[in-house]
Amino acid sequence: MSYTVTLELPDQIAQNARQVALKTERSLTEVLLAWLDQAAAEIPVDELSDEQVLAVSTFELEATIQAELSELLALNREGALQPRQQLRLDELMQLYRRHLVRKAQALKVAVDRKLRPPLNVQSN
C-alpha cells in the first residue's frame with residue numbers, strides 16, 4: 001500500500017535533492033523517497049533502549065566498507081577517481097558522517113543515562 005502526499009519543501013532541501021538526483025541519475029521522487037526511508041529507519045537515539053544506545057555508541061563500519069572508503073580516499077588524494085568512483089566515495093562519506101554523528105549522539109545519551117562515564121573522566 002502506498003499513499004500520495006504533497007509536500008512543500010524548503011528551497012535548500014529541494015535544491016539538494018535535485019543535485020543528488022542529477023548526480024546519481026535518479027528521479028527527484030526516488031531521491032526523496034530514499035531520504036524519507038532512511039530517516040524513518042533511524043529511530044532517534046534518545047528513544048532507544050539502554051542496550052541499543054550502548055550498541056550504537058560502539059558501532060564501527062564493516063571492515064569491507066572501511067577498506068573501500070580508504071581505497072577511494074587514496075585515489076581521490078592522487079586525483080585518480082573515475083566519475084563512478086566519485087559517486088561511490090560521496091555515498092560512503094555520507095554513510096560515514098551519518099554513523100559518526102549517530103555514534104556521538106549515542107555516547108552523549110549513554111553518559112546522560114549513566115551507562116558509561118564521560119569521555120574526559122579516566123577510570124582507575
Side-chain angles (χ1 to χ4, degrees):
M1 179 185 247
S2 64
Y3 297 91
T4 300
V5 177
T6 303
L7 297 172
E8 186 171 324
L9 299 174
D11 289 339
Q12 189 60 48
I13 292 174
Q15 184 179 3
N16 290 346
R18 278 192 219 105
Q19 288 174 351
V20 170
L22 286 172
K23 198 180 229 186
T24 60
E25 298 177 355
R26 295 184 293 167
S27 72
L28 180 61
T29 300
E30 287 174 314
V31 170
L32 291 171
L33 284 174
W35 288 0
L36 286 170
D37 187 48
Q38 177 185 336
E42 287 190 3
I43 299 169
V45 173
D46 59 350
E47 295 178 16
L48 297 175
S49 70
D50 290 351
E51 294 78 22
Q52 291 170 317
V53 166
L54 289 172
V56 172
S57 73
T58 59
F59 176 81
E60 297 291 331
L61 288 175
E62 294 178 26
T64 55
I65 298 292
Q66 287 181 0
E68 183 181 7
L69 179 56
S70 294
E71 182 180 327
L72 290 171
L73 286 169
L75 287 171
N76 188 49
R77 280 191 300 274
E78 297 167 8
L81 278 181
Q82 300 298 314
R84 284 223 179 271
Q85 291 172 315
Q86 181 63 57
L87 287 174
R88 181 62 177 156
L89 177 59
D90 292 346
E91 288 173 4
L92 292 177
M93 287 303 298
Q94 272 189 327
L95 175 69
Y96 175 77
R97 286 184 196 109
R98 217 173 37 248
H99 285 292
L100 192 61
V101 167
R102 195 155 168 86
K103 186 174 181 174
Q105 291 168 337
L107 282 167
K108 181 189 180 310
V109 170
V111 169
D112 290 348
R113 292 185 188 175
K114 303 201 183 331
L115 302 174
R116 61 172 296 145
L119 295 177
N120 60 348
V121 174
Q122 304 225 348
S123 58
N124 296 332

The ring-ring contact (aromatic ring centres under 6.0 Å, His included) partners of Phe59 (sequence neighbours excluded) come to His99
In the structure I gave you, are the side-chain heavy atoms of [X] and [Y] within less than 4.5 Å of one another anywhere?
X      : Y      : value
Ile65  : Tyr96  : no
Val111 : Leu107 : no
Arg26  : Thr29  : no
Leu32  : Leu9   : yes

Kindly state each residue pair satisfying salt bridge (Lys or Arg N to Asp or Glu O under 4.0 Å) with at least one member in residues 96-111, sequence neighbours excluded. Glu42-Arg98, Glu60-Lys103, Lys108-Asp112
Residues pairing under salt bridge (Lys or Arg N to Asp or Glu O under 4.0 Å) where one sits in residues 74-86, two or more places apart or in two chains, turn out to be none
Taking all non-hydrogen atoms of both residues, which atom of [X] and which atom of [Y] are closest, and how far apart?
X      : Y     : answer
Ala106 : Ser57 : CB-N, 3.6 Å
Trp35  : Asn16 : CH2-C, 3.8 Å
Ala17  : Val31 : O-CG1, 4.0 Å

Can you tell me how far [atom2] of [Y] sits from [atom1] of [X], rounded to the nearest 0.5 angstrom?
X     : Y      : atom1 : atom2 : value
Thr24 : Glu30  : OG1   : CD    : 8.0 Å
Gln38 : Leu95  : CD    : CG    : 8.5 Å
Glu51 : Leu115 : CD    : CG    : 8.5 Å

Heavy-atom donor-acceptor pair, [X] side chain to [Y] backbone, under 3.5 Å:
X     : Y     : value
Glu47 : Pro44 : no
Gln52 : Ser49 : yes
Gln15 : Gln12 : no

Residue set satisfying side chain to side chain donor-acceptor pair (under 3.5 Å) with Gln86, at least two apart, ordered chain then number -> Asp90
Do [X] and [Y] share a hydrophobic cluster (ILVMFWY, side-chain heavy atoms under 4.5 Å, transitive)?
X      : Y     : result
Leu81  : Met93 : yes
Leu28  : Leu33 : no
Leu100 : Ile43 : no

Those residues at least two apart in sequence (or on a different chain) that pass salt bridge (Lys or Arg N to Asp or Glu O under 4.0 Å) with Arg113 are Asp50
List the atom pairs, donor and acceptor, that lie under 3.5 Å between side-chain atoms in residues 66-75 and the rest of the protein, sequence neighbours left out.
residue, atom, partner, partner atom, Å
Gln66, NE2, Leu61, O, 3.1
Glu68, OE1, Arg88, NH2, 3.1
Glu68, OE2, Arg88, NE, 2.8
Ser70, OG, Gln66, O, 3.0

